[in-house]
Amino acid sequence: MDQVLHHVAQTVEKQLDSEIERLDALDSGDLEAIRQQRIAEMKKRAKQKQDWIANGHGEYTEIDGEKQFFTVCNKSENVVCHFYRADTPRCSIVDMHLKALARKHVETRFVKLDVERAPFLTGRLKIRVLPTIALVKENKTNDFIVGFTDLGNCDDFSTEMLEWRIARAQVIEYAGDLLVPPAEARKQRALTLQSKKTIRGGHDSDSDLDLSD
């Protein structure tokens, strides 16, 4: 295992060295072109963010009924809709997490809809368990989070766990590993870091032995 990790570390170092060499080889004209491209991308992103906020993104809001649900989905490419009922305690837990995620993921519209106001839509989407979160992309409902089963089957799941589950439907921008839940990903990173430290420590020890000889 140590040999495998050492080989991976060497491969990564070679890739980094290669990228550094590539950047060093760029002339001033290339660097200026990259800078201008980056500035253009930043301006485009800023304009896009302004448009999202003007369209209700950045906040977790309640919509009035089925007609407004379709309006929201027509105006926003990515929508997270919490179907709830006021007398269902677990719906309040979802509200807390979605409020935080709405502020973080301005690229997506976060809304809630009382099922009592949407009998047709609730039946059409076959929503039988509350809370249910519908994940809509490009005006198509392509995924659902039903209850808390996908969130560890417990009431005290973390906001990042819900974020990861939503990200699997590709309706928010997410930089983490979509195949591994965040808590498990942290454990894996910690183990990898510890293994690298062990390998480096072993090499340092060997080097000391060589010098003493």
Side-chain angles (χ1 to χ4, degrees), residues 40-85 88 90-153 157-185:
E41 289 173 352
M42 291 173 65
K43 288 182 177 179
K44 180 180 179 181
R45 179 69 175 185
K47 175 62 167 60
Q48 193 174 43
K49 187 174 181 179
Q50 290 177 347
D51 292 342
W52 283 330
I53 292 174
N55 196 31
H57 292 224
E59 297 181 3
Y60 178 50
T61 55
E62 182 160 7
I63 53 180
D64 293 332
E66 295 165 339
K67 183 177 180 180
Q68 192 174 3
F69 172 82
F70 291 114
T71 299
V72 165
C73 292
N74 283 328
K75 288 184 176 181
S76 298
E77 180 179 349
N78 299 305
V79 177
V80 173
C81 182
H82 171 207
F83 287 87
Y84 82 101
R85 191 161 48 216
T88 305
R90 282 187 161 185
C91 290
S92 298
I93 298 174
V94 171
D95 286 340
M96 175 185 67
H97 293 297
L98 292 185
K99 185 176 181 179
L101 291 176
R103 292 193 297 266
K104 181 177 180 180
H105 292 282
V106 186
E107 72 277 5
T108 301
R109 182 79 188 273
F110 285 78
V111 297
K112 60 188 295 188
L113 175 59
D114 190 333
V115 293
E116 301 295 337
R117 296 185 179 182
F120 169 75
L121 186 59
T122 300
R124 179 178 173 182
L125 297 178
K126 299 179 181 178
I127 295 174
R128 300 184 179 90
V129 176
L130 297 178
T132 287
I133 303 173
L135 306 174
V136 185
K137 187 171 186 66
E138 296 178 348
N139 214 14
K140 294 182 180 179
T141 307
N142 60 1
D143 198 2
F144 296 91
I145 303 174
V146 181
F148 292 172
T149 303
D150 293 349
L151 305 171
N153 210 23
F157 62 87
S158 64
T159 301
E160 64 176 356
M161 181 62 181
L162 179 56
E163 178 184 31
W164 173 80
R165 177 60 184 84
I166 292 173
R168 287 175 62 85
Q170 299 181 337
V171 296
I172 59 174
E173 296 176 358
Y174 188 74
D177 188 344
L178 290 174
L179 299 178
V180 183
E184 183 63 30

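Since the model is a prediction, treat every value here as computed from it, not as a measurement.
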Would Thr61 and Arg109 satisfy side-chain contact (heavy atoms from CB on, under 4.5 Å), going step by step from the backbone distance to the final call?
CA-CA 9 Å; Thr61 55; Arg109 182 79 188 273; 3.5 Å; yes

Just do the side-chain contact (heavy atoms from CB on, under 4.5 Å) check on Phe69 and Leu121 with the steps written out, would you?
CA-CA 9 Å; Phe69 172 82; Leu121 186 59; 3.4 Å; yes

Distance col, row His97:NE2 vs Glu160:CD, nearest 0.5 angstrom, shows 10.5 Å

Pairwise distance CZ(Phe144) to CD1(Ile133) - rounded to 0.5 angstrom
11.5 Å

Check the pair Leu162, Ile145 against side-chain contact (heavy atoms from CB on, under 4.5 Å), reporting the backbone distance first and the verdict last.
CA-CA 9 Å; Leu162 179 56; Ile145 303 174; 3.9 Å; yes

Taking the side chain as everything from C-beta on, heavy atoms only, tell me whether Lys99 gets closer than 4.5 Å to Asp95.
no

Do other residues, nucleotides or ligands put more than 12 heavy atoms under 6.0 Å from Gln170 CD?
no

Surrounding CD of Glu59 (heavy atoms of other residues, nucleotides or ligands, distance under 6.0 Å), is the total greater than 12?
no

Test item: Arg168 side-chain N/O and Leu178 main-chain N/O as donor-acceptor pair under 3.5 Å
yes

How about Val115 and Thr132: do any of their side-chain heavy atoms sit closer than 4.5 Å?
no

Least distance between heavy atoms, Pro181 atom then Met161 atom:
CB-SD, 4.2 Å

Would you name the heavy atoms of Asp177 and Leu179 that are closest together and state the gap between them?
OD1-N, 2.8 Å

If you compare all heavy atoms of Asp114 against all heavy atoms of Glu62, which two are closest, and at what distance to 0.1 Å?
CB-OE2, 4.2 Å

Partners passing ring pair (Phe, Tyr, Trp, His ring centres under 6.0 Å) against Tyr60 (at least two apart in sequence or in another chain)
none

Roughly how far apart are Arg45 CZ and Met42 CE, rounded to 0.5 Å?
11.5 Å

Can you confirm whether Glu66 sits close enough to Thr122 that some side-chain heavy atom of one is under 4.5 Å from a side-chain heavy atom of the other?
no

Hey, mind stepping through Ile53 and Lys49 against side-chain contact (heavy atoms from CB on, under 4.5 Å) and telling me if it holds?
CA-CA 6 Å; Ile53 292 174; Lys49 187 174 181 179; 4.2 Å; yes

Can you tell me how far the NZ atom of Lys140 sits from the SG atom of Cys73, to the nearest 0.5 Å?
13.0 Å

Are side-chain heavy atoms of Arg165 and Asp143 found at a separation under 4.5 Å?
yes

I need the full list of ring pair (Phe, Tyr, Trp, His ring centres under 6.0 Å) pairs touching residues 98-132, with sequence neighbours left out, sorted by first then second residue.
none

Please give me the minimum heavy-atom distance between Asn142 and Ala169, naming the atom from each residue.
ND2-O, 4.0 Å

Might you work through the salt bridge (charged side-chain N to carboxylate O under 4.0 Å, His left out) test for Lys47 and Asp51, ending with a clear yes or no?
CA-CA 6 Å; Lys47 175 62 167 60; Asp51 292 342; 3.0 Å; yes

Between Lys75 (side chain only) and Asn55 (backbone N and O only), is there a donor and an acceptor less than 3.5 Å apart?
no

Sidechain-backbone polar pair: Trp164 side chain, Leu151 backbone, donor-acceptor under 3.5 Å:
no

Test side chain to side chain donor-acceptor pair (under 3.5 Å), reference Ser76, set His57, Glu107, Glu138, Lys137, output is His57

What's the separation between atom CD1 in Ile166 and atom OH in Tyr174, rounded to the nearest 0.5 Å?
11.0 Å

Return yes when atom CZ of Arg124 has more than 12 non-hydrogen atoms of other residues, nucleotides or ligands closer than 6.0 Å, and no otherwise.
no

Heavy atoms only: give me the nearest Leu130-Phe83 pair and the separation to one decimal.
CD2-O, 3.4 Å

If I compare all heavy atoms of Asn78 with all of Val171, which pair ends up nearest, and what's the gap?
CB-O, 3.2 Å

Between atom CG of Leu113 and atom CD1 of Ile63, what is the distance when rounded to the nearest 0.5 Å?
4.5 Å

Test item: Glu184 side-chain N/O and Val180 main-chain N/O as donor-acceptor pair under 3.5 Å:
no

May I ask you to test the Phe157-Ile93 pair for a side-chain heavy-atom distance under 4.5 Å?
yes

